[in-house]
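A short write-up of the structure that comes next.
To find a chain, count down the sequence lines: A is the first, B the second, and so on, and within it residues start at 1. Small disclaimer: the values here were computed from a predicted structure and weren't measured.
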There are 2 protein chains.
Amino acid sequence: MRYKIRSMVGRGQVEEQVKAPKGRGRPRSFDRATALEKALMAFWEHGYEATSVSDLTRIMGIGAPSLYAAFGDKRTLFEEVVRVYADTHGAFVGRALAEEPTARAAVERTLREAAVAYTDPAHPYGCLVVHAATNCTSPEIEELLRERRNRNIAALASRIRADVAAGRLPAGTDATTLARHTGAMIQGMSQQARDGASREELEALAEIATAIWPRD
Amino acid sequence: MRYKIRSMVGRGQVEEQVKAPKGRGRPRSFDRATALEKALMAFWEHGYEATSVSDLTRIMGIGAPSLYAAFGDKRTLFEEVVRVYADTHGAFVGRALAEEPTARAAVERTLREAAVAYTDPAHPYGCLVVHAATNCTSPEIEELLRERRNRNIAALASRIRADVAAGRLPAGTDATTLARHTGAMIQGMSQQARDGASREELEALAEIATAIWPRD
DNA sequence: ATTTTTATGTAACGACCGATAGATAACTCA
DNA sequence: TGAGTTATCTATCGGTCGTTACATAAAAAT
C-alpha cells in the first residue's frame with residue numbers, strides 16, 4: 001500500500017503542489033502526475049492490452065521499477081488512469097447532467113460537447129471508457145469499463161425519470177430506452193471519431209439525434 | 001499460394017461439396033469450413049489480438065502446422081474470417097439495402113434485424129466488424145475493419161441520395177449525416193449488446209432511432 | 001513397389017510480455 | 001558522520017506470443 005498524491009487536474013484551482021509530503025528516502029526523479037498523464041494518453045490511444053509496460057516506461061520516461069513503485073502493477077495504473085480520465089476528459093457528461101435544468105438539455109449538451117471532445121486533435125480520438133478495454137484478455141479490466149458505461153446510462157435514466165415525474169416530460173416516456181439511446185449515440189460517435197469523422201460531422205449527428213425526444 | 005475452396009455458406013443452394021479437388025498428397029484430416037467457423041467464433045468473441053494461435057489450434061482441433069498450411073498465418077486467417085462473416089452473419093445489412101423499396105425501410109429493417117442478431121445467444125454478442133479489431137497492435141488489421149465500416153456507411157449514403165433524387169425523400173435531406181447516424185446506431189447497439197442489453201431493449205432502441213428521418 | 005506430394009505431430013525458435021532481484025544512489029534523521 | 005529509508009539502474013526471470021524445422025504418415029502417380 002502506497003500513499004496517495006492528489007492527482008487532481010483541472011478541478012478548481014491547482015493549489016500549488018504540497019511540495020510532496022516530504023518523504024524520507026531518495027526523492028522521486030519524475031513528476032508523478034505528468035507521468036500519469038502520459039500513461040493516460042497511451043492507454044487512450046492504444047487500449048489496455050496493446051499498450052505494453054515497455055511502451056509505458058518509454059513514453060513516461062522512467063524505468064520499469066520506478067513505474068511499479070509509483071503506480072503498482074499495470075492493471076492498477078490503468079485503474080488510476082480511468083479514474084483520472086473520468087474526472088477530467090470524461091467529466092463533461094456529469095457536468096451537463098448537474099448543470100442543465102432538464103434531462104433533455106443535458107443530453108443535447110452532452111452530445112454537442114462529445115462531438116468536440118472526441119475529435120479534439122490535442123488527444124486521441126473518441127472515448128477512453130468506450131474503447132480502451134475491448135478485446136481484453138482479462139475479463140476484470142473489460143468489466144471495469146463496462147460497469148462505468150452502464151452506470152452512466154443508469155444515471156442518465158434516473159435523471160430522465162425525475163423529469164418525467166416532475167412533468168417536464170410526457171407521462172408515458174420510456175426513460176430507460178431514452179437513456180440507452182443516448183449511450184448508444186455516445187458510443188457510436190466515439191467509434192465514428194476513431195474512424196475518421198470530423199467535428200462537424202459529429203455535430204450534425206448530435207443535432208439530429210435529439211429529434212427522438214418526445215415533443216413537449 | 002494455396003488453392004481456394006468455395007467457403008460459400010447460406011448463398012443459394014449448397015451444391016453438395018465438389019468432393020475436394022482430389023489433391024495428391026495426404027488428405028486433410030479436418031473439415032476446413034468447420035475449422036474456419038470455429039476460428040470465426042473465437043475472433044468474434046475475443047477479437048483479433050486477444051485470440052492467440054494456441055487458442056485457435058485448441059478450438060479448431062488442429063495443430064499449428066495444419067493451421068498455417070490451410071489458412072496461411074494468423075492475419076490471413078483473420079481476413080478470411082472477416083470475409084466469411086460479412087457474407088453470412090453480417091449479410092443482413094446488404095440484404096435489407098437490396099430488397100427494401102426505400103432507404104428508410106432498409107434502415108428500419110437493418111436496425112430491427114441488428115437487434116435480433118446482436119443478442120442471438122447462438123453466437124457472440126454484437127458485430128465482429130465493429131469489435132474484433134479495436135486496440136490492435138497492427139494498424140493494418142484495424143484499418144481492414146475500419147474500411148469495411150466506412151464502406152458500409154458510404155453505401156448507405158448513396159442509397160439515401162438515390163431516394164432523395166427520386167423524390168422519395170425531401171430535397172434538403174442530409175444523406176451523409178443520415179447514413180452516419182445509422183452507422184453510429186449500429187455501432188452503439190453492438191456495444192450495448194456486448195454490455196448486456198437484451199433483444200427487447202435493442203428493439204426499442206431501433207424503433208425510436210428511426211424517428212429522426214424526415215417526415216414525408 | 002517406389003517415388004512424389006501433401007498433412008500431421010513434436011519440439012523448438014527468437015521476440016516480447018509483465019514483473020522483480022539485487023546493487024547502488026540520493027535523500028532525512030539521529 | 002553514520003543509520004535508515006526510498007528511488008533508480010541493470011539485468012533477468014518465467015511465460016506466452018506467432019511461427020517454423022524436422023521427421024513421420026498417408027494419400028496419388030509412376
Side-chain angles (χ1 to χ4, degrees), chain A residues 1-5 18-36 39 42-43 46-81 133 135-138 140-141, chain B residues 1-5 19-36 39 42-43 46-81 133 135-141:
Chain A
M1 192 54 60
R2 181 160 311 285
Y3 62 83
K4 276 286 161 55
I5 299 194
V18 197
K19 228 25 175 226
K22 59 196 294 276
R24 294 220 302 166
R26 173 174 176 173
R28 189 174 283 131
S29 67
F30 62 93
D31 183 66
R32 194 180 185 278
T34 303
L36 188 56
F43 279 133
H46 300 109
Y48 177 74
E49 292 230 329
T51 306
S52 70
V53 172
S54 73
D55 287 337
L56 290 168
T57 58
R58 191 185 63 253
I59 292 171
M60 299 164 87
I62 62 180
S66 298
L67 188 153
Y68 280 84
F71 300 102
D73 59 7
K74 185 188 175 186
R75 180 196 162 138
T76 309
L77 169 58
F78 181 72
E79 289 171 357
E80 185 170 354
V81 158
N135 302 146
C136 223
T137 303
S138 108
E140 302 93 9
I141 299 284
Chain B
M1 191 55 60
R2 192 157 299 290
Y3 60 84
K4 276 287 163 51
I5 299 195
K19 231 17 175 234
K22 59 195 294 281
R24 293 222 302 167
R26 175 175 176 173
R28 190 174 282 131
S29 66
F30 61 93
D31 183 66
R32 194 179 185 280
T34 304
L36 188 57
F43 279 133
H46 303 292
Y48 176 73
E49 294 230 330
T51 306
S52 70
V53 172
S54 73
D55 286 338
L56 290 168
T57 57
R58 193 186 60 252
I59 292 172
M60 300 164 86
I62 62 179
S66 297
L67 189 154
Y68 279 82
F71 300 101
D73 59 6
K74 186 188 175 186
R75 181 196 162 139
T76 310
L77 169 57
F78 181 73
E79 290 172 356
E80 184 170 355
V81 158
N135 303 146
C136 225
T137 302
S138 111
E140 301 93 10
I141 298 284

Handout entry: Partner set under side-chain hydrogen bond (donor to acceptor under 3.5 Å, both in side chains) for B:Ser52, not counting sequence neighbours
Key = B:Ser54, B:Asp55

Problem - Contacts of A:Arg26 that satisfy salt bridge (charged side-chain N to carboxylate O under 4.0 Å, His left out) - sequence neighbours left out - result: none

Exercise for the section: Indicate whether OP1 or OP2 belonging to D:dA7 is found under 4.0 Å from a side-chain N or O atom of A:Ser29. Expected result: no

Practice task
Give the nucleotide from the list D:dT8, D:dG4, D:dA29 with an atom nearest to the side chain of A:Arg24.
Solution key: D:dG4

Practice task
Write down the distance between CG (A:Asp31) and P (D:dT8), rounded to a whole number of angstrom.
Solution key: 12 Å

Completion exercise
In terms of heavy-atom contacts, B:Phe71 and B:Glu80 come closest through CD2-OE1, 3.9 Å

Practice task
Indicate the atoms forming the closest heavy-atom contact of B:Met60 with B:Ala35, along with that distance.
Solution key: CE-O, 3.4 Å

Practice task
Decide side chain to side chain contact (heavy atoms under 4.5 Å, CB included) for B:Thr57 and B:Leu67; before the verdict, give the C-alpha distance in whole Å, the side-chain angles of both, and the deciding distance to 0.1 Å.
Solution key: CA-CA 7 Å; B:Thr57 57; B:Leu67 189 154; 4.0 Å; yes

Problem - 4.5 Å side-chain heavy-atom contact, B:Leu77 and B:Leu36 - result: yes

Exercise for the section: Could you state the atom-to-atom distance from CE of A:Met60 to P of D:dC9 in whole Å? Expected result: 14 Å

Fill in the blank from the handout: When rounded to whole Å, the NE2 to P distance for the pair B:His46 and D:dT16 reads 16 Å

Practice task
Using five pairs at either end of the helix from C:dA1-D:dT30 to C:dA30-D:dT1, determine the angle between the two local helix axes and round it to 10 degrees.
Solution key: 10°

Handout entry: Residue-phosphate contact under 4.0 Å: B:Ser66 side-chain N/O, C:dA7 OP1/OP2
Key = no

Problem - Nucleotide D:dC9, atom C1' - distance to CD1 of A:Ile62 in whole Å - result: 13 Å

Completion exercise
note: A:Phe71, atom CZ; D:dA7, atom C1'; distance rounded to Å ~ 13 Å

Practice task
May I have the distance from B:Leu56 (atom CG) to D:dT19 (atom C1'), rounded to whole angstrom?
Solution key: 13 Å

Problem - Any N/O donor-acceptor pair, B:Arg28 side-chain to C:dA7 base, under 3.5 Å - result: no

Handout entry: Any residue meeting side-chain hydrogen bond (donor to acceptor under 3.5 Å, both in side chains) with B:Asp73, in chain and number order, not counting sequence neighbours
Key = B:Thr76

Exercise for the section: Output the distance between atom OG (B:Ser138) and atom CD (B:Glu49), rounded to the nearest 0.5 Å. Expected result: 6.5 Å

Handout entry: Length of the line joining B:Arg32:CZ and C:dT8:P, which is rounded to integer Å
Key = 12 Å

Practice task
Report the distance from atom CG of A:Leu67 to atom C1' of D:dC9, rounded to the nearest whole Å.
Solution key: 15 Å

Completion exercise
Per-nt protein contacts along nucleotides 10-22 of chain C (heavy atom under 4.0 Å; B base, S backbone sugar-phosphate only, - none) come out as B------SSBBB-

Handout entry: Distance-minimising heavy-atom pair for A:Asn135 and B:Ala50
Key = O-CB, 3.7 Å

